[in-house]
Participant: 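Below you'll find the structure I mean.
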2 protein chains.
Amino acid sequence: MSKIKKDNTEEKILEAAKTVFIKKGMDGARMQEIANEAGINKALLHYYFRSKQKLFEAIFTNLFKQIFPNIIKLMTSEEPIEKKLKEFIENYIDILTNNPRLPAFILREINRGVDFFGQIFRSQSINPNIIFAMFENEMEKGNIVRMNPRDIMLNILSMCLFPFAAKPLMQLMLFENDSEAYTQFMEERKASVTKFVLNAILLKDKHL
Amino acid sequence: MSKIKKDNTEEKILEAAKTVFIKKGMDGARMQEIANEAGINKALLHYYFRSKQKLFEAIFTNLFKQIFPNIIKLMTSEEPIEKKLKEFIENYIDILTNNPRLPAFILREINRGVDFFGQIFRSQSINPNIIFAMFENEMEKGNIVRMNPRDIMLNILSMCLFPFAAKPLMQLMLFENDSEAYTQFMEERKASVTKFVLNAILLKDKHL
DNA sequence: GTCTATACGCAGATAGAC
DNA sequence: GTCTATCTGCGTATAGAC
């Protein structure tokens with residue numbers, strides 16, 4: 001009984017903190033606002049998590065992991081490169097569509113000396129080398145153009161993440177602040193970005 | 001004499017505020033830190049700029065304009081599309097290399113309801129429609145692949161801006177936190193991104 | 001576990017001397 | 001114009017009742 005209550009409250013706090021931290025960032029967030037959002041008292045926040053810092057770390061660690069989904073799994077399957085990239089891009093944009101504020105949040109915090117993300121990153125066992133090796137293998141086989149595999153990876157991540165991170169600006173620039181149009185545009189980008197990337201790197205015939 | 005002094009101090013304040021705001025953001029910056037950085041007293045900040053908010057607006061407005069350099073000029077010259085894009089990408093990455101923290105700063109602030117950037121943006125008379133029209137014209141002529149010109153623009157901006165905005169993370173992911181290597185990598189990207197974009201959209205022979 | 005009340009420090013802003 | 005000293009409010013954190 002008391003156990004259940006505890007879990008519910010902790011859950012509510014985490015949910016509220018997530019909402020507020022994502023919107024305002026560590027520096028801009030207020031414990032009072034989190035408490036209001038959770039429908040509880042400010043003191044309870046300190047009862048469950050000792051400090052604002054601790055609460056933030058719990059949220060950040062959790063959210064950070066979402067920014068790198070199962071890249072490895074997708075990138076090292078036995079599918080042909082076209083399919084691998086297509087699936088990755090589509091899945092990734094889908095994830096971001098469901099968490100549109102995530103990129104801006106992560107960027108904001110990693111650019112404020114939050115340094116423990118290095119630790120989190122390593123604990124994820126992402127190992128980019130496997131992905132680079134995969135691209136290099138495709139180059140050996142003559143399937144894709146020769147280039148630094150890091151550029152391929154970074155270009156893909158850029159085109160997926162940046163439009164979300166810069167949404168307020170791009171929405172204004174590209175669609176005169178029409179939010180609906182921007183959302184629709186992001187949906188279409190799943191195909192558009194895939195095509196763009198494949199055009200850029202595939203050596204076989206361009207299948208437009 | 002007093003005029004000169006005034007100008008010097010105001011200059012020093014603006015320089016210091018720029019440094020601190022870029023690093024810490026509006027929420028994280030402290031007036032005391034700006035005063036220290038400028039080598040003056042905290043009260044002087046309020047003498048020259050009435051409030052932290054006013055000071056921030058001065059800095060933000062100024063920096064925001066740097067994020068959109070002379071796009072129009074480059075994009076509407078009479079040069080062939082290959083040259084236009086090459087020059088834009090190279091110039092832009094150069095600008096960002098000299099102001100590496102700018103993208104992260106702008107992204108952070110536009111994602112915090114700083115809404116006056118809309119006003120600034122319009123005052124810049126950027127008019128993206130001219131650029132879109134240029135791309136559509138190239139499509140008509142059969143020079144580049146048919147696609148939403150907004151995607152082209154956004155993809156280019158993404159690949160230029162994101163690597164700077166996400167530097168702490170990408171440096172870790174791609175180069176195991178070797179700062180030198182990342183800087184070198186960004187230099188090489190001027191050519192790499194150009195090639196990538198041209199491969200993606202040019203219909204003529206791929207000149208690798 | 002949850003609340004109210006309060007301590008305490010910090011940061012933005014002002015007063016006033018020089 | 002520039003400084004020191006000070007006010008004021010806010011935000012984190014704690015004490016203590018229930």
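In what follows, chains are A, B, ... by sequence order, proteins preceding strands, each numbered from 1.
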Participant: In this structure, how many angstroms lie between the P atom of C:dA13 and the CZ atom of B:R50, rounded?
Facilitator: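 Roughly 9 Å, once rounded to whole Å.
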Participant: What protein N or O atoms touch nucleotides 15-17 of chain D N or O atoms at under 3.5 angstrom, if any, and at what distances?
Facilitator:
none

Participant: Please tell me if B:H46 has a side-chain N or O lying less than 4.0 Å from either OP1 or OP2 of C:dT14.
Facilitator: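 The answer is no; no side-chain N or O of B:H46 sits under 4.0 Å from OP1 or OP2.
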Participant: Answer with yes or no whether the side chains of A:R150 and A:N155 bring together a donor and an acceptor at under 3.5 Å.
Facilitator: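 Judged by distance alone, the side chains do not pair up.
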Participant: Kindly say whether A:M159 contributes a backbone atom to a donor-acceptor pair with the side chain of A:R189 at under 3.5 angstrom?
Facilitator: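 Judged by distance alone, yes, a pair lies under 3.5 Å.
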Participant: Got a donor-acceptor contact below 3.5 angstrom from the A:Q32 side chain to the A:K42 backbone?
Facilitator: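 No; judged by distance alone, with no hydrogens or angles, the pair does not exist.
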Participant: Using ring pair (Phe, Tyr, Trp, His ring centres under 6.0 Å) as the criterion, point out the one residue from B:F116, B:F117, B:F21 that pairs with B:F60.
Facilitator: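 Of B:F116, B:F117, B:F21, ring pair (Phe, Tyr, Trp, His ring centres under 6.0 Å) with B:F60 is met by B:F116 alone.
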Participant: Rounded off to whole Å, could you give me the CG-to-C1' distance for the A:L44 and C:dT4 pair?
Facilitator: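 After rounding, the reported distance stands at 12 Å.
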Participant: Could you state the atom-to-atom distance from OH of B:Y48 to C1' of D:dG1 in whole Å?
Facilitator: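 Going from B:Y48 (OH) to D:dG1 (C1'), I get 6 Å.
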Participant: What are the residues of residues 16-39 of chain B, sorted by number, that bring a heavy atom to within less than 4.0 Å of DNA chain C?
Facilitator: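 Heavy-atom contacts with DNA chain C come from B:A29, B:R30, B:M31.
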Participant: Strictly distance-based, threshold 3.5 Å: is any side-chain N or O of A:S192 a donor or acceptor partner for the main-chain N or O of A:E188?
Facilitator: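 No; zero donor-acceptor contacts below 3.5 Å.
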Participant: Can you check the B:F49 CZ to D:dG1 P distance for me, whole Å?
Facilitator: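 In whole Å, D:dG1 P and B:F49 CZ are 12 Å from each other.
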Participant: CD1 of B:I13 versus C1' of D:dT2: gap in Å, rounded?
Facilitator: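 Going from CD1 in B:I13 over to C1' in D:dT2 covers 11 Å.
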Participant: Using atom CG of B:N41 as one end and atom P of C:dA15 as the other, report the distance to the nearest whole Å.
Facilitator: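 Roughly 16 Å, once rounded to whole Å.
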Participant: Could you give the side-chain donor-acceptor pairs of residues 166-179 of chain A under 3.5 Å, partners two or more places apart or in another chain?
Facilitator:
residue : atom : partner : partner atom : Å
A:D178  : OD1  : A:E180  : N            : 3.0
A:D178  : OD1  : A:A181  : N            : 3.0

Participant: Would you kindly give the CD1-to-P distance between A:I40 and C:dC3, to the nearest whole Å?
Facilitator: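 Taking CD1 of A:I40 and P of C:dC3, I get 7 Å after rounding.
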Participant: Identify, between A:Y47 and A:K42, the residue whose nearest nucleotide on DNA chain C lies closer to the 5' end.
Facilitator: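 This one resolves to A:Y47.
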Participant: Looking only at non-hydrogen atoms, find the nearest pair between B:E82 and B:L198 and report the distance.
Facilitator: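 That would be CA-CD2, 4.0 Å.
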Participant: Do the side chain of B:N99 and the main chain of B:I95 share a donor and acceptor less than 3.5 angstrom apart?
Facilitator: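 Yes; judged by distance alone, with no hydrogens or angles, the pair exists.
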Participant: In whole angstrom, give the distance that lies between atom CG of A:L55 and atom C1' of D:dG11.
Facilitator: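 Distance check: A:L55 CG to D:dG11 C1' gives 15 Å.
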Participant: Verify the contact: side-chain N or O of A:S51 to OP1 or OP2 of D:dT12, cut-off strictly under 4.0 Å; return yes or no.
Facilitator: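 Looking at the OP1 and OP2 atoms of D:dT12, neither is under 4.0 Å from any side-chain N or O of A:S51.
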Participant: Salt-bridge test for A:K12 and A:E37: reply yes if a basic N is under 4.0 Å from a carboxylate O, no otherwise.
Facilitator: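 So A:K12 does not pair with A:E37 through a salt bridge.
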